[in-house]
Amino acid sequence: GDSSRFGAPCLKKRAAEGEMSGDVASKKAKTTSKKIISTDTAPAAIGPYSQAVAVSGFLFVSGCIPLDPKTMEMVGKTAAEQAEQVMKNLGAVLAAGGSSYDNVVKTTVLLTDMAHFAEVNAVYAKYFNDSPPARACFAALALPKGALVEIECVAVLPE
């Protein structure tokens, strides 16, 4: 049978109402355009990535390591000292993107040694004490620049 004669009127009606997939895709593209976030109050990206990207009401912050934003040198010898600098860098990127620690909904913590978990957790808890975000923590074989700690996050953007 010829099924095209049954589908054509329906397709014409949907096209007239703007429901065709191309129209829907182009409408979505306009409302979900991404904004690249860059600030000199946090270390510059050391590769082909952005410090953060804002899209659809969320801020996606790239992994932060304990670099001094001005010198790009590592800060801290211990995991706790490094975690403190990581959280400062994370906060600077969050602020540049229009968000804050209070709006973080998910973090991923990377450690070179799970033996550092408790000391990093103590620092982390100072920044996320009232309503902590969801979190994953992984041990990584190595991190950029020899860091002991790296943290990335996703935050909601205030309306």
**Student:** May I have all residue pairs that pass side-chain hydrogen bond (donor to acceptor under 3.5 Å, both in side chains) and include part of residues 136-155, sequence neighbours excluded?
**Tutor:** T108-E152
**Student:** If you take all heavy atoms of L148 and T78, which pair is closest and at what distance?
**Tutor:** CD1-C, 3.9 Å
**Student:** Give, for atom CD1 of I37 and atom OG of S62, the distance between the pair rounded to the nearest 0.5 Å.
**Tutor:** 11.0 Å
**Student:** First locate atom CE of M72, then atom CD1 of I46, and finally report the distance between them rounded to the nearest 0.5 Å.
**Tutor:** 6.0 Å
**Student:** Which pair of non-hydrogen atoms, one from V93 and one from Q51, has the smallest distance, and what is that distance?
**Tutor:** CG1-O, 3.8 Å
**Student:** Determine whether L143 and F117 fall in the same hydrophobic cluster, where Ile, Leu, Val, Met, Phe, Trp and Tyr are linked whenever their side-chain heavy atoms lie under 4.5 Å apart.
**Tutor:** no
**Student:** Work out which heavy atom in L94 is nearest to a heavy atom in S100; give both atom names and the distance.
**Tutor:** CD1-C, 3.9 Å
**Student:** Out of curiosity, C137 SG to N121 CG, how far, rounded to the nearest 0.5 Å?
**Tutor:** 8.0 Å
**Student:** Of all heavy-atom pairs between T39 and A92, which one has the smallest distance, and what is that distance?
**Tutor:** CG2-O, 4.1 Å
**Student:** Tell me if the CZ atom of F60 is crowded by more than 12 foreign heavy atoms within 6.0 Å.
**Tutor:** yes
**Student:** Under 3.5 Å, is there a donor-acceptor pair between the side chain of S99 and the main chain of V156?
**Tutor:** yes
**Student:** Is there a side chain to side chain contact (heavy atoms under 4.5 Å, CB included) between L59 and V154 once you walk through the steps?
**Tutor:** CA-CA 6 Å; L59 182 66; V154 178; over 6 Å; no
**Student:** Side chains of L141 and T112: closer than 4.5 Å at any heavy-atom pair?
**Tutor:** no
**Student:** Can you see which heavy atom on E119 is nearest to which on A80, and at what distance?
**Tutor:** OE1-N, 3.2 Å
**Student:** Same cluster for V123 and I65 if Ile/Leu/Val/Met/Phe/Trp/Tyr side chains link at under 4.5 Å?
**Tutor:** no
**Student:** Quick check for you: to the nearest 0.5 Å, what is the distance between F138 atom CZ and M114 atom CE?
**Tutor:** 9.5 Å
**Student:** Are V55 and Y49 joined in one hydrophobic group, where the rule is that I, L, V, M, F, W and Y side chains link up if heavy atoms are under 4.5 Å apart?
**Tutor:** no
**Student:** Could you tell me whether the side chain of D113 and the main chain of H116 form a donor-acceptor pair under 3.5 Å?
**Tutor:** no
**Student:** Scan residues 88-98 for pairs that pass side-chain hydrogen bond (donor to acceptor under 3.5 Å, both in side chains), counting only residues two or more places apart or in two chains.
**Tutor:** Q85-N89
**Student:** Are L67 and M87 joined in one hydrophobic group, where the rule is that I, L, V, M, F, W and Y side chains link up if heavy atoms are under 4.5 Å apart?
**Tutor:** no
**Student:** Is there a side-chain contact between V75 and E81 (heavy atoms, below 4.5 Å)?
**Tutor:** no
**Student:** For the CG atom of L90 and the SG atom of C64, what is their distance to the nearest 0.5 Å?
**Tutor:** 4.5 Å
**Student:** With rounding to the nearest 0.5 angstrom, report the NZ to OG distance, K35 to S50.
**Tutor:** 12.5 Å
**Student:** Sequence neighbours excluded and cut-off under 3.5 Å, please list the side-chain donor-acceptor pairs for residues 124-133, or say none.
**Tutor:**
from: Y124; atom 1: OH; to: T107; atom 2: OG1; distance (Å): 2.7
from: K126; atom 1: NZ; to: E84; atom 2: OE1; distance (Å): 2.9
from: Y127; atom 1: OH; to: E84; atom 2: OE2; distance (Å): 2.2

**Student:** List the steps and the verdict of side chain to side chain contact (heavy atoms under 4.5 Å, CB included) for I36 and V53.
**Tutor:** CA-CA 5 Å; I36 303 302; V53 176; 3.9 Å; yes
**Student:** Do you know which two heavy atoms are closest between P158 and N103, and how far apart they sit?
**Tutor:** CG-ND2, 3.6 Å
